[in-house]
Amino acid sequence: KKVQTIAEEGGASVVVFPELTAHPDLVAGLKAQLAALPNRIGLVIPGSRHAEISSGVWRNRCTALDPIGSDSTVTHDKVTRYALPRKMAAEYGQRGEVEFIECSEAPRRIRLYDSFTLGRFAVLICRDVIEPQIPEFLRQHFLDHVFVVAMTPDLRDFLGPCSQLGRILDAGVFVANMPFDAPHPALIYLPVRAKPGFEECPPGSHEVCLQTTHL
């Protein structure tokens with residue numbers, strides 16, 4: 001209902017859900033909403049979900065939806081791994097811990113996307129954004145936005161690294177979190193840019209004056 005309201009009001013370019021919220025029913029509902037109100041929201045990232053991409057090979061993967069409700073090319077496989085609780089692993093038909101059986105021989109990649117409306121952006125999952133090698137990679141590629149789907153009790157570990165990354169990139173960093181009982185549902189870093197000064201007419205008499213208007 002919230003996404004439908006956002007779409008009808010036309011007040012968002014990107015909607016981001018937390019990590020491990022992309023249940024098939026939720027994704028199906030989002031696709032239906034976007035198809036019913038096409039081109040109102042530029043991108044919807046419905047969190048992530050463990051997917052068996054081939055026999056015995058699992059990924060914690062997020063796939064964004066495009067403005068008409070189809071799976072887009074914007075996708076990310078979580079780079080940092082953790083031990084999935086056995087109870088949750090059982091929901092995927094596994095007796096062990098899903099992330100322990102993830103395929104390790106293939107490298108995991110950070111994908112960058114160039115958009116006419118959003119500029120250059122990346123989508124990451126949880127601690128990916130604060131692992132030392134990944135911010136260093138992002139610093140080299142001049143991003144405009146970083147979208148992060150997270151599931152962590154609180155965002156204290158993210159505050160410093162995300163604000164530092166945002167300053168270095170001069171980019172927006174948006175973290176949507178599933179905080180359990182702690183009051184840390186989101187973290188947003190927005191760069192504050194200095195207001196440009198207006199050009200003034202030079203002193204004395206002159207025939208032509210260049211007037212610059214800043215919007």
Side-chain angles (χ1 to χ4, degrees), residues 1-3 5-6 11-27 30 41 43-51 58-65 74-92 94 96-100 102 108 110-111 118 121-139 143-192:
K1 291 181 179 179
K2 290 180 180 179
V3 172
T5 300
I6 292 170
S13 298
V14 181
V15 176
V16 184
F17 286 72
E19 181 182 6
L20 296 181
T21 56
H23 187 275
D25 292 343
L26 171 69
V27 175
L30 290 171
I41 300 175
L43 195 70
V44 175
I45 304 170
S48 68
R49 182 172 174 80
H50 281 89
W58 291 78
R59 290 285 188 271
N60 183 353
R61 171 175 289 183
C62 62
T63 300
L65 305 176
V74 177
T75 185
H76 175 67
D77 290 338
K78 188 175 182 179
V79 175
T80 53
R81 309 181 202 187
Y82 65 97
L84 195 70
R86 292 181 182 276
K87 182 178 180 181
M88 188 177 293
E91 297 179 5
Y92 298 98
Q94 300 295 313
E97 295 167 325
V98 170
E99 296 228 347
F100 280 173
E102 286 194 24
R108 308 201 180 187
I110 305 299
R111 295 182 173 90
L118 295 175
F121 68 92
V123 177
L124 302 174
I125 297 177
C126 205
R127 296 190 69 87
D128 285 354
V129 73
I130 60 177
E131 290 298 308
Q133 69 276 18
I134 296 177
E136 182 59 34
F137 168 80
L138 298 178
R139 290 184 188 108
L143 277 75
D144 297 291
H145 309 284
V146 180
F147 302 107
V148 182
V149 301
M151 180 178 285
T152 182
D154 61 68
L155 290 169
R156 284 177 290 189
D157 290 345
F158 290 73
L159 290 174
C162 286
S163 61
Q164 182 181 20
L165 178 64
R167 289 186 179 95
I168 292 172
L169 294 176
D170 193 27
V173 180
F174 306 87
V175 182
N177 183 38
M178 180 66 74
F180 304 104
D181 296 328
H184 294 127
L187 183 157
I188 299 175
Y189 173 85
L190 295 174
V192 178

Problem - Reported CZ-to-NE2 distance for the pair R59 and H50, which is rounded to 0.5 angstrom - result: 10.5 Å
Exercise for the section: Would you check if the side chain of D154 reaches a backbone N or O of H184 as a donor-acceptor pair within less than 3.5 Å? Expected result: no
Problem - Minimum side-chain heavy-atom gap Y189-V175 below 4.5 Å - result: no
Exercise for the section: Indicate the atoms forming the closest heavy-atom contact of P46 with T63, along with that distance. Expected result: CD-O, 3.3 Å
Fill in the blank from the handout: Shortest non-hydrogen pair, A64 vs I45, comes out as CB-CG1, 3.9 Å
Completion exercise
Across all chains, not counting sequence neighbours, the ring-ring contact (aromatic ring centres under 6.0 Å, His included) partners of F121 are Y113, F147
Handout entry: Rounded distance [0.5 Å steps], CG in D170 versus CG in L143
Key = 12.0 Å
Problem - Gap separating the NE2 atom of H23 from the CZ atom of R49, nearest 0.5 angstrom - result: 5.0 Å
Completion exercise
CG (L43) and NE2 (H145) are apart, to the nearest 0.5 Å, by 11.0 Å
Completion exercise
Closest non-hydrogen contact found for A122 with R111 is CB-O, 3.8 Å
Exercise for the section: Write down the atom of G47, the atom of V149, and the distance for their closest heavy-atom approach. Expected result: CA-CG1, 4.1 Å
Fill in the blank from the handout: Contacts of A176 meeting side-chain contact (heavy atoms from CB on, under 4.5 Å) (sequence neighbours excluded), chain-then-number -> V16
Completion exercise
Taken to the nearest 0.5 Å, the spacing of R127 CZ from T80 OG1 works out to 7.5 Å
Exercise for the section: Apply the test side chain to side chain contact (heavy atoms under 4.5 Å, CB included) to residues V14 and L118: give CA-CA distance (whole Å), side-chain angles for both, the deciding distance (0.1 Å), then the verdict. Expected result: CA-CA 9 Å; V14 181; L118 295 175; 3.8 Å; yes
Practice task
Would you confirm whether D144, through its side chain, and G172, through its main-chain N or O, come within 3.5 Å as a donor-acceptor pair?
Solution key: no
Exercise for the section: Answer whether the closest heavy-atom distance between the side chains of M151 and P18 falls below 4.5 Å. Expected result: no
Practice task
Flag the pair D128 / V148 as yes when at least one side-chain heavy-atom distance between them is below 4.5 Å, and no otherwise.
Solution key: no
Exercise for the section: Identify, with sequence neighbours excluded, every residue that meets side-chain contact (heavy atoms from CB on, under 4.5 Å) alongside E136. Expected result: R139, Q140
Exercise for the section: For the residue pair F17 and V3, establish whether any side-chain heavy-atom pair is separated by less than 4.5 Å. Expected result: yes
Practice task
Using the side chain to side chain contact (heavy atoms under 4.5 Å, CB included) rule, take V79 and I110 through it: C-alpha gap first, then chi angles, then the decisive distance, then the call.
Solution key: CA-CA 8 Å; V79 175; I110 305 299; 3.8 Å; yes
Handout entry: Separation between OG of S48 and CG of L124, rounded to the nearest 0.5 Å
Key = 12.0 Å
Practice task
Give the minimum heavy-atom separation between L165 and L138, together with the two atoms involved.
Solution key: CD2-CD1, 4.0 Å
Handout entry: Atom of P135, atom of V129 and distance for their closest heavy-atom approach
Key = CG-O, 3.2 Å
